[in-house]
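Here's the structure, in C-alpha cells; my notes come after.
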Amino acid sequence: MTKEYPPLTEGVYYILLALFEARHGYGIMQLVEEMSKGRVRLGAGTIYGAIKTLLERQWIEALEDDGRKKEYIITENGKKVVEYEILRLRELFDNGIRITNGKA
Amino acid sequence: MKKIKFRFFLDYEKEEAWVNELAAQGWHLQKNIISFFVFEQGEPGKYIYRNELVEGKKKDYYEFLESMNIECVSKFGVWAYYRKEAIDGDFELFSDAPSKIQYLKSITRLFIPIALLNIIIGIFNIITGFTASPVAFMSINLGILNMVMALLMYVPIRKIQRRKKHLEHDLHIFEA
C-alpha cells in the first residue's frame, strides 16, 4: 500500500463494498442492511451525500444513465481504498484478539 | 376527509414530531406552507414523515429519494416534507454523525446570516426612527419587527448548535 488513507466511516466502507457490483441507491441500502444483519440502516440523505463525495474522489463512477435509477460501480482507486481499509481493520482485529485472548 | 391546521413551531424537529403524531392518528400531511398544514385522513400509522431544509438541492436529489421509495409530499421555500411507508421500517434521512453534522451546518449557514441581517437592518431602522424623519414611527416599528425576527431565529440556531456540539463530542470516541 503506497498511500495512506484515514479510516473510513462504517457507512462509506459498506457503500464501497456494495458497489463491487453495479447498484443504485436502493440496492446499496438493501445490501448493506442484509450484510450487517439489519444493524446498519443507511439513510437516503447519507447515501446521497456519500455518493456525491465518492464520485468527486473518483472512488466510484456512475454507469450510463438508463432513466430514473442511476447505477454506480467502484473504480480501481476505490478498490485500493477498500483493500487498505481491510488491512487496517485486520490490524485492529488481530491486536484485539491477541490482547483479549479472543475472549470477546 | 381533509383538515387544515395552523401551528407555529420554532423547532423544526418538534414540528416533524407533531406531523408524525398526527400520522399515527391517521392524519397524513399533504401540504405545508409555513405554518399551515393540510392533512388527509387515512390509515393510522401508514407513513413516517421527515422534514428537511433543502436549500440548494437539485432535481437529482428528489429523483434519488424517489428511487428509495421516499415520497416528497410537500415543498415550500427551503423546507420539504417526505414520507415513507412505515411497513418498510424505520425512516431516517441521515444515519451517521458526520452526515447529521453536515446537515445541521447547512441549516445554520442559512439561518445565522439571515438573523444577523435582521439585527443590522433593525438597528438601522431604529436609528432612523429616532431622527426627525416623517416615517419615524414606521421605522421604529419595522426595527422592532426585525429584532423580534432575529430573536425568533436565535432559538432554533441555539438548539441546532447544541445538537451539533453533542454529535461532535461523540465523534471523539465513536466513529459515527
Side-chain angles (χ1 to χ4, degrees), chain A residues 5-16 18-19 22-57 60-72 85 88-89 91-93 96, chain B residues 12-13 16 47-73 75 79-107 109 167-168 170-176:
Chain A
Y5 301 101
L8 302 177
T9 65
E10 197 173 77
V12 165
Y13 177 68
Y14 266 145
I15 290 170
L16 287 172
L19 292 179
R23 283 195 165 80
H24 47 70
Y26 194 70
I28 295 172
M29 192 195 80
Q30 277 184 318
L31 185 76
V32 170
E33 197 178 335
E34 204 183 295
M35 281 195 288
S36 67
K37 297 184 182 72
R39 189 179 61 82
V40 181
R41 289 184 56 98
L42 296 173
T46 300
I47 298 179
Y48 180 83
I51 285 177
K52 264 181 83 173
T53 312
L54 294 174
L55 283 171
E56 274 166 29
R57 292 194 165 232
I60 63 168
E61 60 193 9
L63 293 179
E64 279 306 301
D65 207 348
D66 63 336
R68 278 258 154 116
K69 291 186 177 180
K70 211 183 246 179
E71 287 197 321
Y72 304 91
E85 183 67 4
R88 190 185 72 85
L89 292 171
E91 179 210 293
L92 293 175
F93 179 81
Chain B
Y12 64 95
E13 281 194 359
E16 187 190 81
Y47 298 105
I48 299 170
Y49 281 84
R50 292 285 170 244
N51 61 13
E52 190 189 15
L53 182 122
V54 288
E55 159 73 356
K57 286 280 187 322
K58 295 188 197 87
K59 208 176 123 233
D60 73 314
Y61 181 61
Y62 301 104
E63 284 175 1
F64 185 81
L65 292 181
E66 214 177 288
S67 78
M68 306 277 280
N69 296 340
I70 296 167
E71 185 190 341
C72 181
V73 288
K75 196 176 164 278
W79 289 98
Y81 262 96
Y82 313 108
R83 71 182 179 192
K84 196 167 186 238
E85 292 204 4
I87 203 163
D88 288 349
D90 201 18
F91 165 36
E92 292 288 349
L93 285 169
F94 302 102
S95 49
D96 60 12
S99 58
K100 281 178 194 161
I101 291 169
Q102 197 103 44
Y103 173 57
L104 293 175
K105 275 184 186 160
S106 77
I107 302 178
R109 256 203 311 272
L167 286 167
E168 279 166 346
D170 277 358
L171 273 183
H172 289 307
I173 15 171
F174 300 113
E175 209 168 285

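Every chain is numbered from 1, with letters handed out A, B, ... down the list of sequences. From a predicted model like this one, the values you see are computed outputs, not experimental measurements.
- A/Ile51 touches chain B through its side chain: at least one heavy atom from C-beta onward sits under 4.5 Å away, while N, CA, C and O do not.
- A 4.5 Å side-chain heavy-atom check between B/Phe64 and B/Ile70 finds every atom pair outside the cut-off.
- Within residues 22-37 of chain A, the residues having any heavy atom less than 4.5 Å from a heavy atom of chain B are, in residue-number order, A/Gly25, A/Tyr26, A/Met29.
- Heavy-atom distances place both the backbone and the side chain of B/Phe94 under 4.5 Å from chain A.
- In this structure the side chain of B/Val73 reaches within 4.5 angstrom of the side chain of B/Tyr49, judged on heavy atoms.
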Can you list the steps and then say if B/Tyr82 with B/Glu52 is a side-chain hydrogen bond (donor to acceptor under 3.5 Å, both in side chains)?
-> CA-CA 8 Å; B/Tyr82 313 108; B/Glu52 190 189 15; 2.8 Å; yes
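- With rounding to the nearest 0.5 angstrom, the CD atom of B/Glu85 is 8.5 Å from the CG atom of B/Asn69.
- In this structure a side-chain-to-backbone donor-acceptor pair under 3.5 Å is present from B/Arg50 to B/Phe91.
- With a 4.5 Å cut-off on side-chain heavy atoms, B/Met68 and A/Ile47 count as touching.
- Put simply, the side chain of B/Asn51 gets close to the backbone of B/Tyr12: a donor and an acceptor are under 3.5 Å apart.
- Neither the backbone nor the side chain of B/Tyr103 comes within less than 4.5 Å of any heavy atom of chain A.
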